[in-house]
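Shown next, in structure tokens, is the structure this report addresses.
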Protein chains: 2
Amino acid sequence: MTASSPTRRERLRSAAVSEIKEGARRLLVAGGPQAISLRQIARDMGMTAPAIYRYFPSLEALVVALAEDLMGEVAGVVAAAGEAAGDDPGRQLAAMARAYRAWAVANPVEFGLVFGAPVPGVGELALDCLPDDPGADLGRPYVAAFLKLWQREPWPTPPREYMLEHLGPYLGPLRQAHGDLPIEVAYTFLSGWARLYGMVAMEVFHQVRWALTKPEALFEAEIVQFLSQVGALPK
Amino acid sequence: MTASSPTRRERLRSAAVSEIKEGARRLLVAGGPQAISLRQIARDMGMTAPAIYRYFPSLEALVVALAEDLMGEVAGVVAAAGEAAGDDPGRQLAAMARAYRAWAVANPVEFGLVFGAPVPGVGELALDCLPDDPGADLGRPYVAAFLKLWQREPWPTPPREYMLEHLGPYLGPLRQAHGDLPIEVAYTFLSGWARLYGMVAMEVFHQVRWALTKPEALFEAEIVQFLSQVGALPK
DNA sequence: TTGCGACAGTAAACATCGTTCACTCAGCTG
DNA sequence: CAGCTGAGTGAACGATGTTTACTGTCGCAA
């Protein structure tokens, strides 16, 4: 009856929850979000569909839970890549950007679910501006690397008074979640994140093939260009 | 029997096609792509569902046709904004960027259908690299403005030899579609387009609210920063 | 004018889906 | 051992996309 070890019932229950989410992900990958079917998941598990309602109140809730797991997965991959890149924040930024793209390219449908058009119900989880927002977990290591880089040596930015006037009033959530982040760092992070997100989403959503046959080449060029802009080129 | 004027049958038919697509868009806006229902569209038209199969071979084909229309709509809005902005290519770029964002913010669900995760069947229409790709129609006025700006006065870019080696082999579709586009212009256009797309998609897909309460402020700051980078600030 | 053929639309049916309800059965706890 | 909690089932409801067979109706040609 140790409080830390879950009871047998709880172990079985969480195993079932995991199996359901694995089945949902399999269907997601095979045929997109609309292919996630409670009945098919149940069939794959040797059960009937209503049994799943013991674990999730609706199909939508299951999809939301899956999306949360996926956000955690990509956040973990990115953070691990940053930690494995050594102490130089420039190298960390490059490694984390590449890790984000690599995860997206390897898991395109999952990327679409988490970072694409908000599925009704899934969009709500990114609406709150709390520091424990799953999206914030993803951004945190990037912000930390930018901050380390800034404290070592600042890079050129737009005039401070322009940013304070036009951006300052709306940066509250980001700056407070990271302890009085300098506005230059906040702006550079957001600008860089938008570029990273745009490049990756364009590639994964097939939005750039009409112009470019190898999106990775543009991605690498942009990394070089951006890192040199913030004075973080290793050489 | 004049060849230019369509026969009565053809007029009725194209009116029905339009009404079906209007109904589909209404359902799309109301409840997302999965809410588009043949039976509901037919009910709204005072018909039964199988009648729609006289006009579209499947629901998926209807969604694809709707997506094509929407791509044409946004391309038209952007081109019109560019033409209304006068002769200065810098002003044209700013106006077209704002028009793109404005359309996306005003039509978020439609934006998700056209520019978001590829719905099975819709993703295929952006796969080909032909010059008459609907996506190319959207990019053309941007490329034209960049080219005019470049011919007037070039801006600093990464070294030409780097781009020729790392980007040149993969830029064929874009450069050929615009008649021997200089590689500096091709790179700057793609980089800028990725930034524009990233900013807009982040805002419309609720991917930035955890950090920023007013995405438009960051959008405007990025416009200023980018235009000054390419030496196109009006002042 | 008459006839015919192409076309628009319908009704019924099938397979699938999410969801609810009443029910059974096993396992843990008092 | 009794009883309760929770997992799972089967049947049912309403909804979906799609197919099939059928019925009109309109327009064009002889």
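The sequence lines fix the lettering, A, B, ..., with proteins before strands; numbering per chain opens at 1.
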Check: DNA chain C: B/Gly46 or A/Leu38, which has the more 5' nearest nucleotide?
Finding: B/Gly46

Next item on the list: Establish, from distance only, whether the side-chain atoms of B/Gln225 and B/Arg195 form a donor-acceptor pair under 3.5 Å.
Entry: yes

Checklist line | DNA chain C contacts made by residues 49-56 of chain B, counting heavy atoms under 4.0 Å | finding: B/Pro50, B/Ala51, B/Arg54, B/Tyr55

Checklist line | DNA chain C-proximal residues of residues 17-26 of chain B, any heavy atom under 4.0 Å | finding: none

Notebook entry, point to check: For B/Ser37 and D/dT16, is the shortest distance between a side-chain N/O and OP1 or OP2 below 4.0 Å?
Noted result: yes

Item checked: D/dT16 OP1/OP2 closer than 4.0 Å to side-chain N/O of B/Arg43 -> yes

Item checked: Atom pair distance, as rounded to whole Å: CG in B/Leu27 and C1' in D/dA15 -> 14 Å

Next item on the list: May I have the distance from B/Glu60 (atom CD) to D/dT16 (atom C1'), rounded to whole angstrom?
Entry: 16 Å

Note to self: Please identify the 5'-most and 3'-most nucleotides of DNA chain C with any atom under 4.0 angstrom from a heavy atom of chain A.
What the structure shows: C/dC17 to C/dC28

Note to self: For A/Phe115 and A/Tyr100, I'd like to know if the aromatic rings sit close, meaning centre-to-centre distance below 6.0 Å.
What the structure shows: yes

Next item on the list: Would you mind classifying the nucleic acid contact of B/Ile36 as base, sugar-phosphate or nothing, using non-hydrogen atoms under 4.0 angstrom?
Entry: sugar-phosphate

Notebook entry, point to check: Does a salt bridge link B/Arg98 with B/Glu220, judged by any charged N lying under 4.0 Å from a carboxylate O?
Noted result: yes

